[in-house]
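Beneath this line is the structure, given in structure tokens, with notes to follow.
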Amino acid sequence: MATEGPCSTPKPGVFDLINKAKWDAWNALGNLPKETARQNYVDLVSGLSSSSDSSSQVKPEADREQAGYETLVMTSEDGITKIMLNRPTKMNALTTQMYQEIMLALEAASKDDSTITVLTGNGSYFSSGNDLTNFTHISPDEIEEKARRGAILLRDFVGCFIDFPKPLVAAVNGPAVGISVTILRLFDLVYASDRATFHTPFSHLGQTPEGCSSYTFPKLMGPGKAAEMLIFGKKLTAAEACAQGLVTEVFPDSTFQKEVWTRLKAYSKLPRNALRISKQMIRNHEKEKLHATNAEESRILQERWLSDECMNAIMNFLSRKAKM
Ligand SMILES: CCCCCC/C=C/C(=O)SCCNC(=O)CCNC(=O)[C@H](O)C(C)(C)COP(=O)(O)OP(=O)(O)OC[C@H]1O[C@@H](n2cnc3c(N)ncnc32)[C@H](O)[C@@H]1OP(=O)(O)O
């Protein structure tokens with residue numbers, strides 16, 4: 001195009017793959033003037049050479065931390081965006097602010113130029129689930145409104161995972177509780193340290209399942225095993241969670257970080273669009289069902305949060321210290 005102007009030669013045959021690709025690219029430029037095409041080509045080549053020069057001069061993209069998050073650390077490196085929950089002294093319990101920041105981080109990751117997005121935790125826990133202090137400091141006349149807003153937040157939060165368009169990986173570095181377990185089924189890969197455990201003590205808290213687990217867990221592991229976890233709060237080891245299909249692979253804790261990141265760096269070099277399209281093909285089959293389940297679970301939890309069973313369980317947890 002840059003030398004000959006608009007495409008005028010006959011289209012190569014279907015099995016002449018290389019010439020056909022060149023012809024398609026040329027033809028796609030339509031009637032772009034020769035001079036414009038030439039300038040575009042020069043711009044492209046100088047862009048390529050300056051970016052390859054710069055790799056030895058400026059700080060590489062490695063560990064470029066993205067500002068604006070208080071409860072997360074978000075970095076992009078080697079085609080991987082990492083969202084790290086960052087309240088290690090509270091076992092990465094999820095505050096209202098954290099739910100909101102995770103949604104913002106997922107939104108940003110869905111649009112950045114990374115190939116894979118990873119959620120992990122800082123410190124010894126992946127996450128201890130919902131921060132039970134989210135339910136405190138509420139005056140009686142505010143309770144219903146707070147529950148209504150909580151249900152909307154929950155529905156929106158889980159919805160972000162259902163709709164996330166790129167391969168999403170959980171690097172479960174330690175124990176996971178509550179909602180940090182249930183959402184795992186919405187990830188494409190779940191890698192776990194052999195120190196991780198998976199615990200959903202909903203009934204103990206007077207609460208009910210969320211994260212679409214009332215649909216995804218029975219489908220994954222059968223109704224009996226799902227009942228042990230979701231109704232009776234049985235805690236699974238990483239090996240048990242792997243046997244049930246909730247975890248993709250378990251790694252020794254001592255080599256977890258090294259093995260997981262080596263694996264993910266290799267995966268992140270695969271063609272980005274192919275990964276994204278394949279993920280969407282796998283996930284699109286049940287998106288509607290997942291959104292409907294999410295809406296129903298959020299509605300039911302809104303009621304549960306107002307129950308005596310739930311309020312008493314939370315007060316018990318929060319008054320543990322006072323009793324000690
Ligand atoms: C918009 C709302 C959406 C809601 C969605 C519904 C979600 C539901 C769920 O996720 S249910 C699960 C809720 N989580 C829990 O029930 C876990 C509660 N925590 C514990 O049981 C324990 O803390 C532990 C087993 C995780 C860890 O125990 P231990 O090793 O003994 O450490 P500590 O208990 O001393 O914890 C250290 C420090 O962290 C605080 N903390 C830990 N987890 C939570 C939590 N989930 N909520 C609030 N605070 C938590 C703990 O109180 C300690 O704080 P302190 O040092 O005393 O200030």
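The figures here come from the full heavy-atom set of this structure, side chains too, leaving out hydrogens, waters and symmetry mates. Both counts, for ligands and for their atoms, begin at 1 and track the order of listing.
Contact between Trp305 and ligand 1 is present, with at least one heavy atom of the residue lying under 4.0 Å from the ligand. Under the 4.0 angstrom criterion for non-hydrogen atoms, Asn134 is not in contact with ligand 1. Under the 4.0 angstrom criterion for non-hydrogen atoms, Thr200 is not in contact with ligand 1. The shell of residues lying under 4.0 angstrom from ligand 1, judged by heavy atoms, includes Tyr125. Contact analysis leaves His199 out of contact with ligand 1, as no non-hydrogen atom separation drops below 4.0 angstrom.
For ligand 1 and Thr89, the ligand atoms under 4.0 Å from any heavy atom of the residue are 37 (C), 38 (C), 39 (O). Short contacts between ligand 1 and Leu154, defined as distances under 4.0 Å to a heavy atom of the residue, involve ligand atoms 5 (C). For ligand 1, the atoms closer than 4.0 angstrom to any heavy atom of Gly129 are 10 (O). Against a heavy-atom cut-off of under 4.0 Å, Leu205 is close to the following atoms of ligand 1: 11 (S), 12 (C), 13 (C), 16 (O). Close approach to Gly150 involves these atoms of ligand 1, each under 4.0 Å from a residue heavy atom: 1 (C).
Both the backbone and the side chain of Asp131 come within 4.0 Å of ligand 1, counting heavy atoms alone. Contacts with ligand 1 closer than 4.0 Å are made by side-chain heavy atoms of Ala93 only, the backbone lying farther away. When heavy-atom distances to ligand 1 are checked against a 4.0 Å cut-off, Phe157 has no atom that comes that close, whether in backbone or side chain.
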Assess whether ring pair (Phe, Tyr, Trp, His ring centres under 6.0 Å) is satisfied between Phe187 and Phe161, documenting all intermediate values. CA-CA 8 Å; Phe187 285 67; Phe161 288 89; 5.5 Å; yes
### Task
Apply salt bridge (charged side-chain N to carboxylate O under 4.0 Å, His left out) to Arg272 and Asp113, showing your working.
CA-CA 9 Å; Arg272 198 159 76 107; Asp113 59 4; 5.9 Å; no
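A donor-acceptor contact closer than 3.5 angstrom is absent between the side chains of Asn92 and Ser127. Thr71 and Gln97 are not linked by any side-chain donor-acceptor pair at a separation below 3.5 angstrom, with hydrogens and angles left out of the test.
A salt bridge is defined here as a Lys NZ or Arg NE, NH1 or NH2 lying under 4.0 Å from an Asp or Glu carboxylate O, and Arg263 with Glu259 fails to meet this definition. Using a 4.0 Å cut-off between charged side-chain N and carboxylate O, Arg148 and Glu144 make no salt bridge. Remark: Lys235 does not engage Glu240 in a salt bridge, criterion side-chain N to carboxylate O under 4.0 Å.
Between atom 47 (N) of ligand 1 and the options Ile152, Asn92, Leu132, Thr95, the minimum heavy-atom separation is to Leu132. Counting heavy atoms only, Glu210 comes closest to atom 6 (C) of ligand 1 of the residues Glu210, Arg320, Glu297. Nearest to atom 44 (C) of ligand 1 by heavy atom, out of Gly233, Gly178, Ser128, is Ser128.
Just one of Thr117, Val118, Val190 meets the side-chain contact (heavy atoms from CB on, under 4.5 Å) condition when paired with Val169; it is Val118.
Among the atoms of Val177, none of the N or O lies under 3.5 angstrom from an N or O of ligand 1. Residue Ile179 has at least one N or O atom closer than 3.5 Å to an N or O atom of ligand 1.
A continuous path of Ile, Leu, Val, Met, Phe, Trp and Tyr side chains, each step under 4.5 Å between heavy atoms, connects Ile179 with Ile162, placing both in one hydrophobic cluster.
In this view, Tyr69 satisfies the ring pair (Phe, Tyr, Trp, His ring centres under 6.0 Å) rule with no residue, not counting sequence neighbours.
A distance of 9.5 Å separates CD in Glu210 from CG in Asn294, rounded to the nearest 0.5 Å.
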